[in-house]
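Working notes for the structure below.
Please read all numbers here as calculations on a predicted model, not as lab measurements. In each ligand, atom 1 is the first atom listed, and ligand 1 is the first ligand listed.
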Amino acid sequence: MDRIRIVGGNHLEGRIPISGAKNAALPLMIASLLTDDTLTLENVPHLADVEQLIRILGNHGVDYSVNGRRESQNEGYSRTINFTARNIVDTTAPYELVSKMRASFWVIGPLLARMGEAKVSLPGGCAIGTRPVDLFIDGLQALGADIDVDSGYILSKAKNRLRGNRYVFPKVSVGATHVLMMAATLARGETVLENAAREPEVVNLAECLIAMGAKIDGAGTSTITIEGVDALSGARHRVIPDRIETGTYAMAVAMAGGDVLLEGARADLLQGALDVLAQTGTEIIPVNSGIRVRRNGAGISPVDVTTEPFPGFPTDLQAQFMGLMTMAKGKSRITETIFENRFMHVQELARLGAHITLAGQTAIVEGVSKLKGAPVMATDLRASVSLVIAGLAAEGETVVNRVYHLDRGFERLEEKLSGCGATIERLSS
Ligand code: UD1
């Protein structure tokens with residue numbers, strides 16, 4: 001299994017190109033199931049999760065082709081990919097595939113809307129908590145779907161098309177918003193989704209669906225109105241830059257020190273997190289080509305944060321921010337409100353010398369003046385990258401094990417960081 005070796009202590013100087021957002025690309029790829037025409041997506045990141053979803057969509061009958069440079073030259077770079085679901089050959093998403101990537105459960109929305117049926121494996125728990133699917137079931141039932149749960153599968157049917165309805169999410173969910181919005185595009189009549197997720201990835205999906213002929217209003221606010229249409233067509237659409245990758249590298253610069261241009265990043269996609277970073281003493285300078293992040297000399301000020309749905313501080317940056325706070329000049333409190341078990345990085349950061357205590361859903365971080373490199377590992381994507389960031393600032397050598405988590409969500413991580421002067425390499429085994 002590959003590992004990443006880091007020798008900490010270097011400042012980061014230079015530029016890092018920001019990739020297309022994983023969490024936008026996945027639902028956009030799934031939207032290709034809604035039409036028999038070709039959906040062309042630009043700026044699709046080259047990540048393990050994207051490759052896995054291509055396999056899953058292929059199982060339903062989606063053909064794909066990669067535009068532009070030859071595949072051998074594309075290794076590791078964002079691509080333009082055409083997806084065509086001319087014939088859906090299978091409306092079942094089996095356990096073997098869904099269990100490998102939770103977001104693949106989202107195929108339930110388009111399959112049900114277009115084919116009138118879907119049999120999708122329950123995704124099961126994952127490292128960051130139980131992650132139930134009750135909102136998807138409730139919401140699809142509100143649109144008229146018949147749903148049974150049997151032998152680990154959700155069997156859903158809508159023989160005479162889904163019907164538009166008003167649905168109020170009891171809790172904000174990004175995935176359930178994606179799925180109900182996709183399903184409602186082909187329903188009969190009007191759907192109003194209230195307390196919908198406002199994340200930029202929801203807006204990016206809505207814009208793509210609109211380009212495909214859907215009638216959607218209000219994406220990016222908590223009320224989304226969808227007027228169903230009979231069919232959708234193909235379209236060409238661009239994946240937004242990854243706000244989590246942007247925030248992660250911004251925190252790496254804040255922690256290691258230096259001056260880096262995050263090329264192609266959009267400040268409006270993560271203003272809440274950038275405001276917090278500015279309070280730590282990091283300079284955040286939006287420029288035409290992206291965001292410049294600088295911290296020279298000054299220490300890191302402690303800041304308390306609580307994770308919240310967009311536009312609040314994202315849970316997907318919580319672990320990285322905790323990494324930064326381990327070296328702040330004082331005490332900070334980090335409260336996780338989205339997932340119940342998202343503190344696996346705490347023990348591993350402690351291996352590097354961090355002082356963190358847990359009180360329920362709050363981590364109390366007592367900043368230390370230095371971290372010391374150590375072998376570490378993590379069990380999810382964002383936790384893993386927090387260890388990379390901490391390793392960049394720690395004295396000596398840090399080896400991060402179980403790198404496959406990083407490959408799920410960070411395109412060319414080592415190359416991007418070493419291009420800015422970090423000593424970081426992949427050890428293959
Ligand atoms: C997405 C992101 C993930 C991010 C999360 C929150 C993708 C591929 N993943 O995950 O990186 O951390 O948003 O910003 O985009 N919930 C229920 N019942 C449901 C569905 C969700 O209780 O039926 C709960 C979840 O357990 C969690 C909360 O709602 O506590 C928010 O989860 P949700 O927004 O659905 O996360 P995902 O869409 O899975």
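- Under the 4.0 angstrom criterion for non-hydrogen atoms, E201 is not in contact with ligand 1.
- When atom types are taken as modelled, the side chain of E411 and the backbone of H46 share a donor-acceptor pair closer than 3.5 angstrom.
- By the 4.0 Å heavy-atom criterion, A176 is excluded from the residues contacting ligand 1.
- When only interatomic distances are considered, the shortest N/O to N/O separation between L26 and ligand 1 does not fall below 3.5 Å.
- The shell of residues lying under 4.0 angstrom from ligand 1, judged by heavy atoms, includes V172.
- Formation of a donor-acceptor pair under 3.5 Å by the D49 side chain with backbone atoms of G409 is not found in this model.
- The part of K171 lying near ligand 1 is the side chain, judged by heavy-atom distances below 4.0 Å.
- A donor-acceptor pair under 3.5 Å links the side-chain atoms of D37 to the main chain of G234, judged by distance alone.
- Within the 4.0 Å heavy-atom criterion, the part of R102 lying near ligand 1 is the side chain and not the backbone.
- Backbone and side-chain nitrogen or oxygen atoms of D134 are examined, and one is located within less than 3.5 angstrom of a nitrogen or oxygen of ligand 1.
- Contacts between D316 and ligand 1 below 4.0 angstrom, taking non-hydrogen atoms only, involve the side chain exclusively.
- Residue W106 places a heavy atom under 4.0 Å from ligand 1.
- Within the listing of ligand 1, atoms 20 (C), 23 (O) sit less than 4.0 angstrom from a heavy atom of F136.
- Taking distance alone, with nitrogen or oxygen atoms compared against 3.5 Å, T315 stays at or beyond that limit from ligand 1.
- In terms of modelled atom types and a separation under 3.5 Å, the side chain of R161 and the main chain of L186 share a donor-acceptor contact.
- Q361 places a side-chain N or O within 3.5 Å of a backbone atom of E336 that can act as its donor or acceptor partner.
- Listed for the N204 side chain is a donor-acceptor partner under 3.5 Å among the backbone atoms of I240.
- Using modelled atom types, one side-chain atom of Y153 and one backbone atom of Y95 make a donor-acceptor pair closer than 3.5 Å.
- Judged by distance alone, the side chain of D90 and the main-chain N or O of T92 form a donor-acceptor pair under 3.5 Å.
- An N or O contact shorter than 3.5 Å links I338 to ligand 1 by distance.
- Residue contacts with ligand 1 for Q318 are absent, since no atom lies close enough (heavy atoms, distance under 4.0 Å).
- Considering backbone and side-chain N/O atoms, V174 comes within less than 3.5 Å of an N/O atom of ligand 1.
- Of all atoms in ligand 1, listed by their number and element, those nearer than 4.0 Å to a heavy atom of R342 are 12 (O).
- Shown in contact with G175 at under 4.0 Å from a heavy atom are these atoms of ligand 1, numbered in order with element: 35 (O), 38 (O).
- In this structure, E348 contributes its side chain and M377 its backbone to a donor-acceptor pair below 3.5 Å.
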Pair R333-D304, salt bridge (Lys or Arg N to Asp or Glu O under 4.0 Å): steps then yes or no: CA-CA 5 Å; R333 298 167 66 86; D304 294 345; 5.2 Å; no

